[in-house]
Colleague: 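Dropping a structure here in structure tokens format, bear with me for questions.
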Amino acid sequence: SDPPIVCSLPRVTIVGAGRVGSTLAQRIAEKNLADVVLLDIVEGMPQGLALDLMEARGIELHNRQIIGTNNYIDTSGSQIVVITAGLPRKPGMSRDDLLLTNAKIVVEAAKNAIAHSPNAIFIVVTNPLDVMTYLAWQATGLPRHRIMGMAGVLDSARFETFIALELGVLPADVKAMVLGSHGDLMMPLSGYATVNGIPITELLDAPTIERLVQRTRNGGAEIVELMQTGGAFFAPASATSMMVESIVLNQSRLLPVAAYLQGEYGLEDVVIGVPCRLGCSGIESVLELTLTDEEIAALKVSAQSVRKNIDQAQKILTTK
Ligand code: TXD
């Protein structure tokens with residue numbers, strides 16, 4: 001007789017049902033992209049959030065399942081795993097201050113998740129982003145196209161927002177790309193930023209562009225200072241859902257993604273934000289852009305700082 005037909009819908013697991021994780025679950029379900037499993041160590045919390053999201057389905061007009069759990073068994077067979085577990089920043093803290101606490105959480109989460117979803121594509125969101133993505137890559141042993149970090153899409157969205165506000169244009173008409181590490185050394189590429197194809201250098205003077213670049217670099221801290229109790233989560237969830245969408249729908253979008261590099265941009269054995277094509281297999285390719293000498297030098301400095309933190313985290317993880 002014919003084998004039974006298995007109808008499986010794409011399933012996305014989100015480890016860490018905090019502010020970014022729960023908002024991302026909402027975005028994914030309401031965009032009708034996939035069923036969602038929300039996992040957290042806090043008992044009852046992901047279950048409550050899942051039920052709350054399920055109760056909105058009739059109003060939001062979708063039929064996606066949202067499951068809350070404390071057990072990785074429930075995440076089995078996920079197509080994508082997003083890791084947002086860990087502590088966020090407090091005012092005055094840099095992303096690097098989160099290094100040691102979050103390293104242990106992310107490594108444990110990555111190992112547990114891959115054990116139940118051996119074919120998944122991983123997206124890391126926890127800070128410090130580039131280092132956590134590297135540690136998760138190491139912990140899972142995944143080929144590099146199946147593991148990446150989210151930061152550049154958010155940093156680019158912030159740069160685009162500030163350009164749109166300055167010019168009074170529609171945010172969707174502004175396109176920009178921010179590369180490098182997710183921190184003070186990130187690299188907003190002003191030469192590639194446009195308003196419907198017109199370079200911003202035609203529309204804004206150099207000191208204004210520099211001001212917007214600085215505000216972008218400080219974009220996360222600006223929100224932490226205002227909120228005092230944690231960091232941004234609406235735009236980070238939107239940025240992550242854009243990456244999930246490009247993978248689930250095989251859109252092959254060209255996005256800035258924190259990727260493991262093997263010689264691209266002269267960098268090796270480090271994770272850093274570069275333009276990538278994202279499709280159903282994960283990172284389809286890394287684009288090597290023409291950069292100015294100054295930008296190449298800045299990317300190197302950015303990579304060195306990530307490397308230093310990777311070494312520090314690895315020391316702590318192995319002495320534990
Ligand atoms: O651009 C980016 N990459 C980022 C990164 C943008 C925004 C936030 N960014 C970072 O994501 C932030 O600095 C944090 O490191 C993470 C999560 O931020 P969020 O604001 O969502 O933090 P919350 O609300 O504190 O949520 C974290 C959740 C919380 O519910 C914990 O109980 C849970 O993580 N947690 C765990 N879940 C599973 N397993 C373990 N071990 C665990 N430890 C904590």
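Atoms within a ligand are numbered from 1 in the order they appear, just like the ligands themselves.
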Colleague: Starting from atom 27 (C) of ligand 1, which protein heavy atom do you reach first, and at what distance in Å?
Modeller: G86 O, 3.2 Å

Colleague: Would you mind listing which atoms of ligand 1 come within a distance below 4.0 Å of any non-hydrogen atom of L129?
Modeller: 3 (N)

Colleague: Is the number of heavy atoms from other residues, nucleotides or ligands within 6.0 Å of CD (Q228) greater than 12?
Modeller: yes

Colleague: Below 4.0 angstrom from a heavy atom of I105, which ligand 1 atoms are there? Numbered from 1 as shown, please.
Modeller: 40 (C), 41 (N), 42 (C), 43 (N)

Colleague: Can you pull out the closest protein heavy atom to atom 13 (O) of ligand 1? Residue, atom name and distance to 0.1 Å, please.
Modeller: N127 ND2, 3.0 Å

Colleague: For ligand 1 and T84, I'd like to know whether there is a polar contact (N/O to N/O, distance under 3.5 Å).
Modeller: no

Colleague: Taking the side chain as every heavy atom from C-beta outward, state whether N250 and E284 have any atom pair closer than 4.5 Å.
Modeller: yes

Colleague: Judged by modelled atom types alone, do R158 and T216 share a side-chain donor-acceptor pair under 3.5 Å?
Modeller: no

Colleague: Which class fits the ring pair Y134 and Y260: parallel under 30°, tilted 30 to 60°, perpendicular over 60°?
Modeller: tilted

Colleague: For atom 31 (C) of ligand 1, state which one of D40, L39, L87 supplies the nearest heavy atom.
Modeller: D40

Colleague: If you measure every N or O of V42 against every N or O of ligand 1, does any of those distances drop under 3.5 Å?
Modeller: no

Colleague: Give me the residue, atom name and distance of the protein heavy atom closest to atom 24 (O) of ligand 1.
Modeller: R19 N, 2.9 Å

Colleague: Counting each atom of ligand 1 from 1 as listed, which ones have a heavy atom of E108 under 4.0 Å away?
Modeller: 41 (N)

Colleague: For ligand 1, is any non-hydrogen atom under 4.0 Å from P236's backbone (N, CA, C, O), its side chain (CB onward), both, or neither?
Modeller: side chain

Colleague: Show the atoms of ligand 1 that are less than 4.0 angstrom away from any heavy atom in N102.
Modeller: 15 (O)

Colleague: For A232, which part has a heavy atom under 4.0 Å from ligand 1: side chain, backbone, both, or neither?
Modeller: backbone

Colleague: Could you tell me whether K315 and D311 have a side-chain N and a carboxylate O separated by less than 4.0 Å?
Modeller: no

Colleague: Run the numbers on I123 and I247 for side chain to side chain contact (heavy atoms under 4.5 Å, CB included), then give the verdict.
Modeller: CA-CA 11 Å; I123 304 175; I247 295 168; 4.0 Å; yes

Colleague: If we only count heavy atoms from C-beta on, is the R27 to E30 side-chain gap below 4.5 Å?
Modeller: no

Colleague: Below 4.0 Å from any atom of ligand 1, is there a heavy atom belonging to M132?
Modeller: no

Colleague: V306 versus V131: any side-chain heavy-atom pair under 4.5 Å?
Modeller: yes

Colleague: Between I67 and R11, is any pair of side-chain heavy atoms under 4.5 Å apart?
Modeller: yes

Colleague: Under a 4.0 angstrom heavy-atom cut-off, which atoms of ligand 1 come close to L154?
Modeller: 1 (O), 6 (C)

Colleague: Going by heavy atoms in the side chains, are L291 and L189 under 4.5 Å from each other?
Modeller: yes

Colleague: Look only at interatomic distance and state if T126 has a nitrogen or oxygen under 3.5 Å from any nitrogen or oxygen of ligand 1.
Modeller: no

Colleague: Applying side chain to side chain donor-acceptor pair (under 3.5 Å), run through S285 and R277 and close with a yes or a no.
Modeller: CA-CA 5 Å; S285 60; R277 300 289 297 258; 5.4 Å; no

Colleague: Could you identify the single nearest non-hydrogen protein atom to atom 25 (O) of ligand 1 and state the distance to 0.1 Å?
Modeller: P88 CD, 3.4 Å

Colleague: Tell me, do V213 and S190 make a side-chain contact under 4.5 Å, heavy atoms counted?
Modeller: yes

Colleague: Counting each atom of ligand 1 from 1 as listed, which ones have a heavy atom of M45 under 4.0 Å away?
Modeller: 30 (O)

Colleague: Can you tell me if N71 has over 12 outside heavy atoms packed within less than 6.0 Å of its CG?
Modeller: yes

Colleague: Hey, is ligand 1 close enough to V125 that some N/O pair sits below 3.5 Å?
Modeller: yes

Colleague: How far is atom 26 (O) of ligand 1 from its nearest protein heavy atom, and which residue and atom name does that atom have?
Modeller: G18 CA, 3.2 Å

Colleague: So do R144 and I283 actually touch side chain to side chain, heavy atoms under 4.5 Å?
Modeller: no

Colleague: To the nearest 0.1 Å, how far is atom 38 (C) of ligand 1 from its closest protein heavy atom, and which atom is that?
Modeller: I41 N, 3.7 Å

Colleague: With backbone taken as N, CA, C and O and side chain as the heavy atoms from C-beta onward, which portion of V20 lies under 4.0 Å from ligand 1: side chain, backbone, both, or neither?
Modeller: both

Colleague: Tell me: protein heavy atom nearest atom 3 (N) of ligand 1, and distance?
Modeller: M150 O, 2.8 Å

Colleague: So, regarding H182 and ligand 1 (criterion: nitrogen or oxygen to nitrogen or oxygen, under 3.5 Å), is there a contact or not?
Modeller: yes

